Colleague: 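Pasting a structure below so you can have a look.
The analysis underlying the following values was restricted to heavy atoms, covering all of them including side chains, and did not include hydrogens, waters or symmetry mates. For this chain, numbers begin at 1 and follow the sequence in order. Just so it is clear, the structure is predicted and the values come from calculations on it, not from any experiment.
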Amino acid sequence: MNIIEVIPISRGIGTDTLSYFTSLELPIGALVDVPLRSKKIHGIVVSTRKAEDMKGEIKSAGYALKKIDKIKSSEFFSKAFMNTVQEAADYYATSVGAVIDVLVPEYILKNIGKLKAEKKKEGNDSGLKTLREKYVVQGDDDERYGTWKSLIRQEFAKKRSLFFLMPTIEDVERTFELLEKGIEGYAFMFHGSLTPKTIIEKWNAVLKEDHPVVVIATGGFLSFPRSDIETIVVERESSRAYKVPRRPFLDVRHIAETFADKRGIKIFYADNFLRIETLWREHEGELIQASPFKFRSLSTAGDTLVDMKAYKSPNASFKILSDDVEKLINWTKNESEQMIILATRRGVAPTTVCGDCQNIVICNNCSSPVVLHTNYFLCHRCGERRSTEEYCKTCGSWKLGVVGIGIDLVVQKIKDKFPDIAVFKIDSDIAKEEKDMRSIVQKFRAKPGSILIGTEMMLQYLHEKVENSAIISLDSLFALPDFRIQEKILYMLIRIRTLTTKRFIVQTRKSNEKVFEYGLKGNMSDFYRGAIAEREKFKYPPFTTLIKITLEGKKDKIVKEMEEAQNILDPYEVEVFPAFTHTVRGNFVLHGLLRLPREKWPDKDILEKLRSLSPAVIVKVDPETLL
């Protein structure tokens with residue numbers, strides 16, 4: 001009889017390993033189904049010992065060991081992958097099982113019996129090799145994908161495969177479309193929208209193929225068991241979609257680099273404009289330029305910055321579209337060109353304010369500002385919907401006025417002014433699925449003289465260039481106290497600018513903001529110098545590692561719980577502050593922030609303290625935002 005230790009592949013278990021007994025001989029790394037409470041979960045064997053050698057421990061355990069009688073796979077995960085998830089568990093202050101739960105989707109675990117394993121080759125050591133260099137590529141889409149085609153040819157000549165990591169399904173499918181040409185039969189794409197049957201067929205086809213391959217996939221396929229993969233390319237490196245939005249809040253980019261380290265293979269980071277942290281690492285010599293950096297984004301479009309304050313006068317109504325934008329819309333229609341318009345907020349107006357007491361109209365459930373739609377208020381955080389026929393809940397006034405520009409208001413104004421122009425709209429209120437968004441873009445592309453209006457999500461589905469573009473307003477973003485917000489604004493400016501071939505207009509009431517100058521001229525080097533100096537001054541990444549802890553509940557209770565957390569984390573200083581949206585579903589939200597020197601994390605002492613916190617405490621390492 002054997003006693004085995006198993007890592008449970010599930011979140012919220014509360015322990016790193018569980019013990020079971022079995023008469024089977026199970027190797028380390030075996031995948032098994034284990035009983036837990038009233039259900040079965042997946043687990044990975046990490047140790048095995050003879051029961052006769054553990055009699056004392058078994059008697060003093062205080063609980064009865066349960067039996068395992070089924071092996072799903074004798075050796076599914078490589079040593080490099082297991083070492084990666086262990087290191088990731090320490091970095092993100094979580095358990096190995098929680099990391100695997102994110103990195104290995106359920107549809108893979110359920111079908112392991114149908115998935116082929118890589119045949120062991122002579123001298124195969126599961127990919128553990130000498131550490132390789134790390135590269136960065138910064139340039140326009142056409143330049144980057146030209147680099148990848150050349151890289152694929154080079155690696156194929158050396159009988160090596162490549163893995164392209166993508167942040168979204170749309171990016172996977174677009175990249176597959178671009179890279180498959182010329183290597184048909186050797187390029188494969190994987191993502192969560194494929195059926196289990198399709199995934200099984202593609203998976204087995206890749207492992208059966210003797211020729212080197214290109215795998216293009218989202219993060220759930222990073223553990224793909226093909227040892228000749230010698231290169232990982234992290235495309236659209238700036239995308240926030242790489243951050244997992246649920247516990248344990250992993251950053252798949254960081255996981256990919258750790259995996260490359262453990263495998264001893266090359267990794268490339270690439271985008272139009274790399275993250276500030278990535279550019280700093282290149283400057284410090286941690287990363288190598290694979291090709292000369294493009295610090296000035298080139299575009300044939302003429303750009304115009306319109307100061308909307310010029311339209312302000314005592315008798316004039318609030319101006320939504322400048323004269324320049326109206327002329328461009330008219331030109332687009334008459335010349336049968338096409339135009340995209342960005343509005344950063346959904347609804348008619350993102351904020352409603354009382355004209356007497358100046359208080360903002362908020363959600364009854366979560367206290368977020370509600371957004372005015374055509375004839376109702378909608379909270380985009382919790383989904384509460386209510387009538388607009390109400391008075392101010394603070395002072396009782398009926399003078400409720402809207403502030404800001406929402407996408408529905410832009411559509412309404414354009415249709416009023418240009419009733420015969422075709423207008424298409426993309427936002428998450430009308431396009432719920434990937435196919436809906438692609439369908440809208442296709443209809444727009446098929447109709448010359450039309451306009452596509454969307455929020456930021458629209459940019460993910462635009463790949464072909466258009467003649468004209470406009471940004472109606474980014475001003476609401478400047479109000480967010482987020483240390484990454486300027487970087488986000490610049491990325492949107494550069495992205496739209498590179499999609500435009502003729503005319504690009506930006507409207508703003510904050511024309512003195514330097515980011516507009518940098519974005520319209522594609523001047524990324526000056527932006528980087530200013531941003532990195534500010535990051536260093538205020539101790540933001542890359543100069544520190546931020547760890548944010550969050551509590552949600554009744555105010556008095558969570559204030560006390562935060563004090564207890566501070567005591568546990570003592571002597572490390574925890575900066576405590578309320579969340580930007582103070583309440584959610586009637587509960588108060590409180591944050592605590594640790595700023596650690598970059599080289600200090602992960603630290604064993606702090607890690608033990610974080611893991612000892614109550615399960616109610618949400619821990620985010622390297623949070624995308626502090627809001």
Side-chain angles (χ1 to χ4, degrees), residues 11 14 16 86-96 98-99 102 240 242-255 257-258 275-278 280-281 284 286 480-485 487 531-532 534-553 555 557-582 584 587-627:
R11 291 169 289 136
D16 281 342
Q86 181 61 66
E87 190 166 310
D90 289 342
Y91 189 88
Y92 293 100
T94 186
S95 67
V96 170
V99 174
V102 171
R240 294 191 175 196
Y242 279 117
K243 285 281 192 177
V244 178
R246 59 183 175 89
R247 284 186 173 180
F249 306 105
L250 308 178
D251 186 332
V252 181
R253 294 165 296 202
H254 175 254
I255 302 291
E257 183 170 334
T258 304
R275 289 182 299 158
I276 297 296
E277 293 95 321
T278 306
W280 179 83
R281 291 181 64 195
E284 294 297 302
E286 293 183 18
L480 297 175
D482 183 352
F483 72 95
R484 299 186 197 273
I485 198 63
E487 187 178 1
I532 201 67
E534 189 171 275
R535 296 274 189 100
E536 185 173 21
K537 178 180 178 181
F538 294 106
K539 297 181 180 179
Y540 285 126
F543 302 99
T544 58
T545 296
L546 301 180
I547 301 176
K548 184 174 74 172
I549 62 175
T550 302
L551 281 162
E552 176 186 331
K555 187 173 182 179
K557 181 181 178 182
I558 67 166
V559 167
K560 183 178 179 181
E561 289 177 346
M562 186 61 78
E563 290 174 352
E564 292 173 355
Q566 285 179 286
N567 291 333
I568 290 172
L569 292 167
D570 186 67
Y572 304 101
E573 181 182 356
V574 180
E575 306 168 35
V576 177
F577 56 97
F580 185 66
T581 302
H582 293 183
V584 175
N587 290 330
F588 194 71
V589 182
L590 199 60
H591 294 320
L593 184 68
L594 286 85
R595 297 177 193 261
L596 304 176
R598 184 169 178 263
E599 65 278 2
K600 179 72 173 176
W601 184 253
D603 174 86
K604 185 177 179 180
D605 181 46
I606 302 175
L607 181 59
E608 289 179 358
K609 291 176 183 289
L610 287 170
R611 283 175 167 161
S612 69
L613 295 175
S614 163
V617 179
I618 297 172
V619 178
K620 292 185 179 181
V621 179
D622 286 337
E624 189 65 31
T625 175
L626 301 182
L627 302 184

Colleague: I'd like to know if the side chain of Glu624 and the backbone of Lys243 have a donor-acceptor N/O pair within less than 3.5 Å.
Modeller: no

Colleague: Do Tyr92 and Val619 come within less than 4.5 Å of each other through their side chains, counting heavy atoms only?
Modeller: no

Colleague: Nearest 0.5 Å please: distance from the OG1 atom of Thr258 over to the OH atom of Tyr91.
Modeller: 8.5 Å

Colleague: Which label fits Tyr540 and Phe483: parallel for a plane angle under 30°, tilted from 30 to 60°, or perpendicular past 60°?
Modeller: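 Ring orientation, 0 to 90° scale: parallel.
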
Colleague: Identify the two heavy atoms, one from Val574 and one from Gln566, that lie closest to each other, and give their separation to 0.1 Å.
Modeller: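 In this case the closest contact between Val574 and Gln566 is O-NE2, 3.4 Å.
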
Colleague: Is there a donor-acceptor pair under 3.5 Å between the side chain of Lys548 and the backbone N or O of Thr625?
Modeller: yes

Colleague: Within a reach of under 6.0 Å around CD of Glu286, are more than 12 heavy atoms found that belong to other residues, nucleotides or ligands?
Modeller: yes

Colleague: Taking it one step at a time, do Tyr242 and Leu250 satisfy side chain to side chain contact (heavy atoms under 4.5 Å, CB included)?
Modeller: CA-CA 8 Å; Tyr242 279 117; Leu250 308 178; over 6 Å; no

Colleague: Please give me the minimum heavy-atom distance between Ser95 and Ala89, naming the atom from each residue.
Modeller: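 Looking at all heavy atoms of both residues, the shortest contact is C-CB, 3.7 Å.
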
Colleague: Rounded to the nearest 0.5 Å, what separates atom CD1 in Ile618 from atom CD1 in Ile549?
Modeller: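 So the gap between those two atoms works out to 11.0 Å.
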
Colleague: Could you give the distance from CD (Glu552) to NZ (Lys557), rounded to the nearest 0.5 Å?
Modeller: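 Taking CD in Glu552 and NZ in Lys557, the distance rounds to 11.5 Å.
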
Colleague: Taking Asn567 for the side chain and Glu563 for the main chain, is one N or O donor matched with an acceptor at less than 3.5 Å?
Modeller: yes

Colleague: Side-chain contact test, heavy atoms from C-beta onward, threshold under 4.5 Å: evaluate it for Ile532 versus Phe543 and give yes or no.
Modeller: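 Ile532 vs Phe543: side chains touch.
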
Colleague: Calculate, to the nearest 0.5 Å, the distance between atoms CD1 and CG belonging to Ile606 and Leu596 respectively.
Modeller: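 Answer for the CD1-CG pair, Ile606 versus Leu596, is 4.5 Å.
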
Colleague: Search all heavy atoms of Glu277 against all heavy atoms of Pro541 and return the closest pair with its distance.
Modeller: OE2-CB, 3.9 Å

Colleague: Got a second to check how far Leu551's CG is from Asn587's CG, nearest 0.5 Å?
Modeller: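 With rounding to 0.5 Å, CG (Leu551) is 11.0 Å from CG (Asn587).
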
Colleague: Using atom types as modelled and distance alone, determine if a side-chain donor or acceptor of Lys609 lies under 3.5 Å from a backbone N or O of Ile568.
Modeller: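 Indeed, once roles are kept as given, a pair shorter than 3.5 Å links the two residues.
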
Colleague: Within the 4.5 Å heavy-atom criterion, are Leu590 and Ile558 side-chain neighbours or not?
Modeller: yes

Colleague: Would a 4.5 Å heavy-atom cut-off, applied to side chains only, mark Val102 and Arg246 as touching?
Modeller: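 In short, these two side chains touch, coming nearer than 4.5 Å.
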
Colleague: Let me confirm one number: the CD-CD distance from Glu564 to Glu561, rounded to the nearest 0.5 Å.
Modeller: 6.5 Å

Colleague: Using the rule side-chain contact (heavy atoms from CB on, under 4.5 Å), only one of Val244, Thr94, Asp90 pairs with Val99; which is it?
Modeller: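 The option that passes is Thr94.
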
Colleague: Check whether any side-chain heavy atom of Ile547 sits under 4.5 Å from a side-chain heavy atom of Tyr572, and report yes or no.
Modeller: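 The answer is no, as the side chains (C-beta and beyond) never meet within the 4.5 Å cut-off.
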
Colleague: Hey, are the side chains of Lys604 and Glu608 touching, using non-hydrogen atoms and a 4.5 Å cut-off?
Modeller: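 Side-chain contact under 4.5 Å: yes.
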
Colleague: A side-chain contact here means heavy atoms from C-beta on lying under 4.5 Å apart; do Arg253 and Thr278 qualify?
Modeller: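 They are not in side-chain contact.
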
Colleague: With salt bridge (Lys or Arg N to Asp or Glu O under 4.0 Å) as the test, would you mind laying out the steps for Arg281 and Glu257 before giving the verdict?
Modeller: CA-CA 13 Å; Arg281 291 181 64 195; Glu257 183 170 334; 2.7 Å; yes

Colleague: Just so I know, are the side chains of Glu487 and Arg535 near enough to count as touching, which here means a heavy-atom distance under 4.5 Å?
Modeller: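 The answer is yes; the side chains approach within 4.5 Å.
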
Colleague: Under 3.5 Å, is there a donor-acceptor pair between the side chain of Arg595 and the main chain of Thr545?
Modeller: no

